[in-house]
Structures are given as structure tokens and as C-alpha cells.
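Computed from a predicted model, the values in this text were never measured in an experiment. Chain letters run A, B, ... following the sequence lines, proteins first, then strands; residues in each count from 1.
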Amino acid sequence: KAGVTQTPRYLIKTRGQQVTLSCSPISGHRSVSWYQQTPGQGLQFLFEYFSETQRNKGNFPGRFSGRQFSNSRSEMNVSTLELGDSALYLCASGEGGQETQYFGPGTRLLVL
Amino acid sequence: GESVGLHLPTLSVQEGDNSIINCAYSNSASDYFIWYKQESGKGPQFIIDIRSNMDKRQGQRVTVLLNKTVKHLSLQIAATQPGDSAVYFCAENYNNAGNMLTFGGGTRLMVKP
């Protein structure tokens with residue numbers, strides 16, 4: 001099976017702009033989770049989607065949002081970008097229960 | 001797990017030696033634990049997992065030990081190879097949290113040839 005794919009891999013934006021990142025899970029996986037990774041804060045959970053519904057949400061401001069489509073693909077959106085949003089955004093997919101999640105390569109976002 | 005921010009602890013080992021990476025997890029309700037390996041420029045790669053009804057699980061060259069009494073997890077890598085050089089993260093999950101993982105701060109493993 002193909003692994004988790006994320007697009008784009010790299011992105012440069014300026015403060016105040018918005019950005020949309022995309023994640024395609026492993027075929028058959030219905031759960032998609034998003035994480036932010038920074039040197040200062042490490043890996044932090046953003047949100048999880050399962051069967052097109054947000055199942056869990058981390059402690060991030062409302063500028064961070066996401067959605068999941070009927071084919072399990074997911075997008076996350078960050079509005080009104082701030083310099084501190086520069087990070088590696090990782091997507092992970094799983095079958096839906098409490099089991100292994102597999103990560104994609106990430107999207108590296110730089111906000112100038 | 002506790003985040004250690006910018007200053008990742010580093011473990012330096014000689015090629016062929018065994019490595020032990022430790023992790024203290026934070027939630028006594030956590031019942032599922034995963035170790036991930038992350039190489040530079042890549043996403044975390046699954047290594048091994050363990051559920052709370054076990055205290056030891058073995059994979060190929062890797063063993064995970066779980067001590068629920070002191071909320072401690074360790075990853076043992078046998079015969080460490082240069083390709084094992086990476087940052088290793090432990091992650092915890094509890095069943096009511098869907099697939100939400102809480103990650104430790106990570107440990108950098110450096111293997112000297």
C-alpha cells in the first residue's frame with residue numbers, strides 16, 4: 001500500500017495570509033490526525049478526523065481548522081498566519097481504533 | 001511525555017553496542033504507547049508499540065519495556081547501527097482519546113562508526 005502523502009511539501013507565506021494543507025491517508029484508513037512540530041514545542045496534536053467528523057481537538061486557536069472528505073482525505077487550514085506558525089505540519093492516518101498511526105513526510109511551512 | 005524543548009537529550013553509542021532510550025509519560029490513564037523514529041527531513045516512522053496489559057514487547061532488534069508503576073517506557077535497540085541515528089519519540093494514548101497522541105520531547109541517538 002502507498003503511504004501517507006502530504007502536499008505541498010514546502011510552502012512560504014507571509015503574515016496575514018492563509019494556507020491550506022492536504023493529506024491523503026493510507027488506503028482503507030478512516031482516521032486522519034494533524035500535528036504541528038516545532039523545535040520549541042515538539043510534536044503537538046492539532047485535531048483528528050474520523051468518518052468526516054472531528055473526533056478530537058488539541059489546544060490551538062480557532063485559526064487552525066480542518067475537514068475530512070468522504071474518501072478520508074483531509075485538509076487543514078490556517079488563517080491569518082503568524083510568524084510562530086512556521087513549523088512542520090504532519091499528518092498521520094490510522095484505521096480508526098486505538099492502533100498504530102502512520103505519518104506522512106510533512107509540509108514545511110515558513111511564514112515571513 | 002514531557003517536552004524538553006530545544007535541548008534534545010542526546011545518546012551517543014558505538015556501532016554494535018546496545019542502546020537504551022528512556023521516556024517518562026505523563027498520563028496514568030494512558031494505555032497504548034508507541035515509539036517513533038524520525039530522521040532529518042522525514043516524518044516519524046513507527047518502530048514498535050505496546051499496550052498497558054503488557055510490560056515487554058520485542059520486535060526485530062528492538063524491545064520496548066513498560067513500567068506503569070513509575071510511568072516509564074524504554075526502547076532498547078540491539079547491535080546499534082549507523083542507520084539507527086535519528087531522533088526517537090515516545091507517544092502515549094488513552095482509549096477515550098481516539099487517536100490523539102501525546103509525544104515526549106524526543107532523544108537524539110548518534111551512532112559512532
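Within the 4.5 angstrom heavy-atom criterion, no atom of A:Leu46 approaches chain B. Within the 4.5 angstrom heavy-atom criterion, only side-chain atoms of A:Gln37, from C-beta onward, approach chain B. Heavy atoms of A:Leu90 lying under 4.5 Å from chain B belong exclusively to its side chain.
Annotation for A:Arg63: atom CZ counts as buried by contact number, over 12 foreign heavy atoms lying within 6.0 Å. Open room surrounds CD on B:Gln60; 12 or fewer heavy atoms of other groups in view lie less than 6.0 Å from it.
The minimum heavy-atom distance linking B:Asn99 with A:Tyr35 is given by the pair O-OH, 3.5 Å. Listed here is the closest heavy atom pair of B:Tyr32 and A:Thr100: OH-N, 3.0 Å.
Each of B:Leu101 and A:Met76 belongs to its own hydrophobic cluster when Ile, Leu, Val, Met, Phe, Trp and Tyr are linked at side-chain heavy-atom distances under 4.5 angstrom. Clustering ILVMFWY residues whenever any of their side-chain heavy atoms sit less than 4.5 angstrom apart, transitively, puts B:Ile21 in the very cluster that holds B:Val111. Connection of A:Val32 to A:Val4 is not established within any shared hydrophobic cluster, with ILVMFWY side chains joined at heavy-atom distances below 4.5 Å, either directly or through further cluster members. Hydrophobic clustering keeps A:Tyr49 apart from A:Ile26 (ILVMFWY residues linked when any side-chain heavy atoms are closer than 4.5 Å, directly or through intermediates). B:Leu75 and B:Leu65 are assigned to two separate hydrophobic clusters, defined by single-linkage of ILVMFWY side chains at heavy-atom distances under 4.5 Å.
Of residues 65-75 of chain A, no residue lies under 4.5 Å from chain B by any heavy-atom pair. By a heavy-atom distance cut of under 4.5 Å, A:Gln101, A:Tyr102, A:Phe103, A:Gly104, A:Pro105 are the residues of residues 101-112 of chain A near chain B, going up by number. Residues of residues 40-56 of chain B lying within less than 4.5 angstrom of chain A, judged on heavy atoms, are B:Gly41, B:Lys42, B:Gly43, B:Pro44, B:Phe46, B:Asp49, B:Arg51 in numerical order.
Every pair passing salt bridge (charged side-chain N to carboxylate O under 4.0 Å, His left out) that includes a residue from residues 65-89 of chain B is listed here, sequence neighbours excluded: B:Arg61-B:Asp84.
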